[in-house]
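Everything on this sheet refers to the single structure shown next.
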Amino acid sequence: MNSDVAQRSFDEAAQRAFADLSGDHNPIHLNYRFARRTQIGRVIVHGVHLLLWALESASAAGRLVAPIRSLEVRFLKPVYLCETATVAVNSVGRAVELQVRVADILVMVVTLRPTAEPLAVPKTDAIACEPKVRSEPADRGNDDLSACAGAVRLASQVACRATFPSVASLIGTERVAALLGISRIVGMECPGLHSLLSSVTANLVEMDDDDKLRYVTTDYDRRFCAARISAWGGRLCARIEAFSRPPPTVHPSTREVAARVALSSFASQCALVIGGSRGLGEVTAKVVAAGGGRTVITYATGRLEAEAVADDIRAWGGNCTVLRYDVRGSPTEQLAQLGCAPTHAYYFATPQIFRRTTGRYDPDLFREFALYYVDGFASVCETLSTSAIAAFYPSTIAVVESNKGLSEYAMAKAAGEKLCADLQAFRSNLRLVVKRLPRTLTDQTATVALVEAKSAADVMIPIVAEMQQQGAW
Amino acid sequence: MDPLITIFAETLRLDPLTLGDASTPDNTENWDSVNGMKLVAAIEEAFSVELTTREIMSMRSIGIVRTVLKKKGVL
C-alpha cells in the first residue's frame, strides 16, 4: 500500500513553537536576514520537525505499528516556510518507509525497521558533561568541530507528549524528547551556527537514563566540514551526520582593495552599482571607490548590508550613497532619486540562483530569472541611456557548460547576452561590457562541496578597469 | 561485479546497470554534492586510500574516478 497520509505547511509560528520545544533556535530556521546570507537563501523548516510531523501523521493514521527498533532518516532537500509538504507511507519488506515531498521533489526519507544494527555508545568523558544552555548557537571552527563533546537537557516530556501524542505512544515520550535533542545538538552545539543536518540513524534502546542527551564527534572530515556525531540518551542511541556550511562570505574591505587599485584610476566614474549590498556588487563598489570613483549602491531588501558597504567605503574616505532599487519595479520613479547622472552602471541584480529542482525544465523558473537578467537590465538601460553610459552585464560560463539544475538560469543569461548585443547595436549612448564570469565565491555560491571559486576582487578589478576604458568616449 | 560501480550503486541507491564510466553528476540521479562526499568516504574506505582535494575535485565521472584509482594502484 502506498498513499499520502497528510499534508501541511510550516509557518513562522510553527517554527517558533518548535524552536522553543526543542531548544534549537538556529537562525537558519527563524531569521530571514541570516538565511538570506546562506546558499539556501531562505528560512527552512527544522529537519527534526519534518521528521516528527511525518512520524506523527503516519502513526495517527494507523500506518505505523510496533515494534520499531530503528529509524534511518535522510534529509535530502530543505523545506521552506509556507510550502506544502506531503508524507506518503510505503511498506518495503519488513520496513516501513515514509517519503516526504514538496511538489514532486523528494525532500526526506525515513525508514523504520523492527530490527536494529548495532550502534556503539562511545566511552568518553562527555558522559560527565553538564548540559549547556545556550541562547545563541555555537560558532565553531574545524579544530573545535573535530573534538566536540557535551550534553543537552531533554525537552519536557509533558510538552513532547502534547505536541506529538501518537509518536510518543508508539515509541515512548523520552525518545521523542531525544529526537528533539538531536535538533538542539546539531543546531546549537555541534556543528552549531552553520550546521546542515544530513542524516540520522537511531536505535531505540533500553538504557539506564536521565534527562540528558550526550554527544561526541566521532569523525570529522575537514575537506568537507562533515561531522559524524554519536548521541545517546532518552532511550535512543544515534549516529548523526551533519555539515558545517561555509559562513557568509567576507569580502575585502575598501582599504584592502585599495592596495590593488591605483588611486584616481576610476576617478571619472560615477558608478551605479545595482545589487551592491553584497557579493560581486559589493566588491565592485569598493573597487570603484578605491580608484577614486563615486558610487551609488542599490539594494532591494538588504538595506543594512548596503549601509554597511557604504560605511566601509566612507570610512576609507570614499564617496558612496545608498538607494533602494527593485529591478522588478519602474526604473524611472526609483532612479529619480539618484541625484547624479551615472557614467557607469554595473548590474548585479539577481534572485536566488541555486534552487531545489525536479530535474525537469521549469518555465516559471526561467521567467523569474528572465525578469531579472533580461527585463530588469533592459529597463535600466532604457532609462539610463538618455545620456552616454557604459554598462556591465555579468553573464556566466554556465551558458556554455552543462550544470544540472542551472538550465533556466543559464538560458536567461544567454537571453541577456542577446539583449546586450542588440542594445549595443541600436543604442548609440550605450557601451556594454559583457563577460561570462567563472564561479565566484559569494554567499550564493559558497557550498559544502569542493568546488573551485574565484575571489570576487580577482574577477572584478580587471572588469572595472575595462569599464573605465569603455566610459572614455 | 565491478567494485567501483557497486560503490556508486550502493551509495546513490541506484541500479548498477544504470551506471557506467560515462556517469556524471549531471546525468546521474542522486549524485549531488552531499552524496558526492559520501561517495568519497565510501571509495576511501573500500580501497583503503586517501584522496587529495585536487583528486576529489577532478572526479566528475565514474571513468575519471577509475583513472584516479588506477594511478594510485588500487584498481
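Letters A, B, ... are given to chains in the order of the sequence lines, protein chains preceding strands, and every chain is numbered from 1.
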Any chance you could lay out the side chain to side chain contact (heavy atoms under 4.5 Å, CB included) test for A/T217 and A/L145, step after step, and finish with the verdict?
CA-CA 7 Å; A/T217 305; A/L145 286 167; 5.9 Å; no
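- Your options are A/L450, A/L76, A/L106, and the one with the most heavy-atom pairs under 4.5 Å with chain B is A/L450.
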Chain A and chain B: which donor-acceptor pairs fall below 3.5 Å?
{"unit_1": "A/E72", "atom_1": "OE2", "unit_2": "B/R13", "atom_2": "NH2", "d": "2.8"}
{"unit_1": "A/R223", "atom_1": "NH1", "unit_2": "B/E44", "atom_2": "OE2", "d": "2.6"}
{"unit_1": "A/R223", "atom_1": "NH1", "unit_2": "B/L51", "atom_2": "O", "d": "2.8"}
{"unit_1": "A/R223", "atom_1": "NH2", "unit_2": "B/E44", "atom_2": "OE1", "d": "2.8"}
{"unit_1": "A/R223", "atom_1": "NH2", "unit_2": "B/E44", "atom_2": "OE2", "d": "3.2"}
{"unit_1": "A/K404", "atom_1": "N", "unit_2": "B/D26", "atom_2": "OD1", "d": "2.9"}
{"unit_1": "A/K404", "atom_1": "NZ", "unit_2": "B/P25", "atom_2": "O", "d": "2.5"}
{"unit_1": "A/K404", "atom_1": "NZ", "unit_2": "B/T28", "atom_2": "O", "d": "2.9"}

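- A/L193 is listed as a side-chain neighbour of A/F34, based on a closest heavy-atom distance under 4.5 Å.
- A/R113 and A/A95 make their closest contact through CG-CB, 3.9 Å (heavy atoms, listed as atom of the first residue, atom of the second, distance).
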Does the pair A/F75 and B/V34 meet the rule for a side chain to side chain contact (heavy atoms under 4.5 Å, CB included), with working shown?
CA-CA 10 Å; A/F75 300 96; B/V34 171; over 6 Å; no
Given side chain to side chain contact (heavy atoms under 4.5 Å, CB included), test A/L437 with A/T396 step by step and report yes or no.
CA-CA 5 Å; A/L437 301 186; A/T396 170; 5.8 Å; no
Please assess A/I240 against A/I182 for the test side chain to side chain contact (heavy atoms under 4.5 Å, CB included), listing each intermediate value before the final yes or no.
CA-CA 8 Å; A/I240 304 162; A/I182 287 174; 3.8 Å; yes
